[in-house]
2 protein chains.
Amino acid sequence: MRLVVARCTVDYDGRLTAHLPEAVRLLMVKADGCVAIHADGGAYKPLNWMNSPNTLTVGDDPKAEDDRVIWTVRNPGGETLIITLHEVLSDETHEMGLDPGLQKDGVEAHLQELLAANPTAILDGLRLVRREYPTDIGPVDLLCRDAQSEAVAIEVKRRGEIDGVEQLTRYLEFLNRDPLLRPVRGMFVAQEIRPQARVLAEDRGIDCMVVDYDNLRGVESDELKLF
Amino acid sequence: MRLVVARCTVDYDGRLTAHLPEAVRLLMVKADGCVAIHADGGAYKPLNWMNSPNTLTVGDDPKAEDDRVIWTVRNPGGETLIITLHEVLSDETHEMGLDPGLQKDGVEAHLQELLAANPTAILDGLRLVRREYPTDIGPVDLLCRDAQSEAVAIEVKRRGEIDGVEQLTRYLEFLNRDPLLRPVRGMFVAQEIRPQARVLAEDRGIDCMVVDYDNLRGVESDELKLF
DNA sequence: CTCTGAATCTCGTGT
DNA sequence: ACACGAGGTTCAGAG
């Protein structure tokens, strides 16, 4: 990884056009060639960047009186990032090697897995038909049948907001056209449900349910203990 | 901005839990206190981070035999980021000052402006009634009248996806309650429309249209040349 | 390969 | 403060 601290101006032209006036910033060039320009504050996201694959060419500015250097970064999509370095304050390179990568736990996929394994935690007598049950407009998280064998479509979210209710409503609209499934009931299951989402869901006849991730893990381990 | 290159392990516990095995990485501490951990490749996004405001406390690990150092970053939300530095390879600090910020051009707002100025680029004989026409549930991008003076509600997107169709559907539902407007037709205009979004739109009787940003700019400049 | 949906989304704007 | 929508979204996973 090469780290350059420099007073610079930047111009990006690609999916949009963007410009950075002259200031001191960090230029980060990673081993795979991707380039990122960071300011000293604000977000973790860089001000500008160019992902790999790309080509970086370095040249002097023939029009300039001082010794400024121009970096031109081009990618196969025709996007360009032009960095004019007016003054270089630091330029260091460090070898780092490949990163073993991030291990995550506790995202929506895990919640969905736990619920698929324990549908009765949602509703007594509930049985799983399929995870990611396909419809013409995308897959429903869980399709189940309740104790009366009626279909229940379940949308799982970490945080339940209005767009999740919209999503489930669309699925229900399409699922209810299928005579083998009709009538299909909707359930909105999340670790947290925003008040507005709850209002909209209830207005549409969709049941809401808040579940606890750690409790569910407990349920699962309890079941494992039985064997 | 402080830049530390170190062999380290990282544990994040907050909205999810995540762990990074030992490897050499860049630790970036910005002037506002935010911390980011970068690998030497992949995305511009850091592997782990903690936004400002937060507190960084540095301490030795009393249990360790070597001289490892532990950084503990805490934010008011109770999230923690624990970085164990096994070996520090570089540690530098640079003053950068405030960044003047990014100037952008070519986003959805510009597309909407161009279409508002040239409604006939969407449909022959189309006249603009109002941009950001208000309804009880939010403003419609463009409200127009066609050659037969019937109302047309237009949703403008850079990339047309299902959400946009939902949005327009909601607006149409409310606009069609207004006897002065009824019947209101819907049009979904974007630089690119995803197939599933097109299916849903057509299912709802909404017309789709793909427009080109650069062409529109050309139309505009053509009109300007007339004067 | 495309397409869909999640994200520690982030970031702005408006109320 | 919260809700809503856009993003050079990025990113991973399934068909």
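Only heavy atoms go into these numbers, but all of them, side chains included; no hydrogens, no water, no symmetry mates. Below, chain A is the first sequence line, B the second, and so on; all start at residue 1.
Residue-level contact check: A:Tyr171 touches the backbone only, with heavy atoms under 4.0 Å from sugar-phosphate atoms and none from bases. In this structure, A:Tyr44 reaches the sugar-phosphate backbone alone: every heavy-atom distance under 4.0 Å involves primed, P, OP1 or OP2 atoms, never a base. As judged by a 4.0 angstrom heavy-atom cut-off over every strand, B:Asp163 is placed among residues making no nucleic acid contact.
When rounded to the nearest whole Å, the span between CD of A:Gln191 and P of C:dT8 equals 13 Å. Between the CG atom of B:Asp32 and the P atom of C:dT10 there is a distance of 14 Å, rounded to whole Å. Following rounding to the nearest Å, A:Lys104 (NZ) and D:dT10 (P) show an atom-to-atom distance of 15 Å. With rounding to whole Å, A:Asn48 atom CG is found 16 Å from D:dG7 atom P. For B:Glu161 and C:dC3, the CD to P distance is 11 Å, given to the nearest whole Å. Rounded to whole angstrom, the span from the CG atom of A:Asn51 across to the C1' atom of D:dG7 amounts to 14 Å. Straight-line distance from the CD atom of A:Gln112 to the C1' atom of C:dG5: 11 Å, rounded to whole Å. Straight-line distance from the CG atom of A:Leu81 to the P atom of D:dG8: 14 Å, rounded to whole Å.
Partners of A:Asn51 by side chain to side chain donor-acceptor pair (under 3.5 Å), not counting sequence neighbours: none found. Taking A:Arg127 as the reference, nothing meets the salt bridge (charged side-chain N to carboxylate O under 4.0 Å, His left out) condition, with sequence neighbours excluded. B:Asp11 meets the salt bridge (charged side-chain N to carboxylate O under 4.0 Å, His left out) test with no other residue; sequence neighbours excluded. Here B:Trp49 pairs with A:Tyr44 under the ring-ring contact (aromatic ring centres under 6.0 Å, His included) rule; sequence neighbours left out. Among residues two or more places apart in sequence or in another chain, the side chain to side chain donor-acceptor pair (under 3.5 Å) test is passed with A:Gln191 by none. Partners of A:Glu161 according to the salt bridge (charged side-chain N to carboxylate O under 4.0 Å, His left out) rule, which considers only residues two or more places apart in sequence or in another chain, are A:Arg159. Scanning for side chain to side chain donor-acceptor pair (under 3.5 Å) contacts around A:Thr169 gives A:Arg204, with sequence neighbours left out. Shown here are the salt bridge (charged side-chain N to carboxylate O under 4.0 Å, His left out) partners of B:Arg170, two or more places apart in sequence or in another chain: A:Glu166.
For C:dA7, one of the phosphate oxygens OP1 or OP2 lies less than 4.0 angstrom from a side-chain nitrogen or oxygen of A:Arg158. Regarding contacts with the backbone of C:dA6, every side-chain N or O of B:Arg15 stays at 4.0 angstrom or more from both OP1 and OP2. A close approach under 4.0 Å does not occur between any side-chain nitrogen or oxygen of B:Lys45 and OP1 or OP2 of C:dC9.
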Using a cut-off of under 3.5 Å, enumerate the N/O to N/O pairs linking the protein to nucleotides 13-15 of chain D.
{"from": "D:dG15", "atom 1": "OP1", "to": "A:Arg130", "atom 2": "NH2", "distance (Å)": "3.4"}

Pairs under 3.5 Å (N/O, protein and nucleotides 13-15 of chain C):
none

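Among D:dC4, D:dA6, D:dG8, the nucleotide with an atom closest to any side-chain atom of A:Glu79 is D:dG8. Side-chain proximity of A:Lys157 to the nucleotides C:dT8, C:dA6, D:dA6 is greatest for C:dA6. When distances are taken from the side chain of A:Trp49 to each of D:dT10, C:dG5, C:dT8, the shortest belongs to D:dT10.
Across the interface with DNA chain D, nearest-nucleotide mapping of A:Gly14 and B:Gly42 shows A:Gly14 to be the residue nearer the 5′ end. DNA chain C is contacted by both B:Ala18 and A:Arg170; A:Arg170 maps to the nucleotide lying nearer its 5′ end (nearest heavy atom per residue).
Distance alone, capped at 3.5 Å, is enough to place a donor-acceptor pair between the A:Asn176 side chain and the A:Leu172 backbone.
Residue pairs meeting the salt bridge (charged side-chain N to carboxylate O under 4.0 Å, His left out) criterion with at least one member in residues 27-41 of chain A: none, sequence neighbours excluded.
Here the shortest heavy-atom pairing between A:Ile122 and A:Met209 reads O-SD, 3.2 Å.
When the P atom is used for both D:dG8 and D:dC4, the distance is 22 Å, rounded to whole Å. When the C1' atom is compared between D:dG7 and C:dA6, the two are found 15 Å apart, to the nearest whole Å.
Between B:His38 and A:His38, the ring planes are perpendicular. Angles over 60° get that label, and only those under 30° would be called parallel.
Looking at residues 198-212 of chain A, you'll see that no heavy atom sits under 4.0 Å from any atom of DNA chain C.
At least one side-chain heavy atom of A:Asp99 sits less than 4.5 Å from a side-chain heavy atom of B:Arg25.
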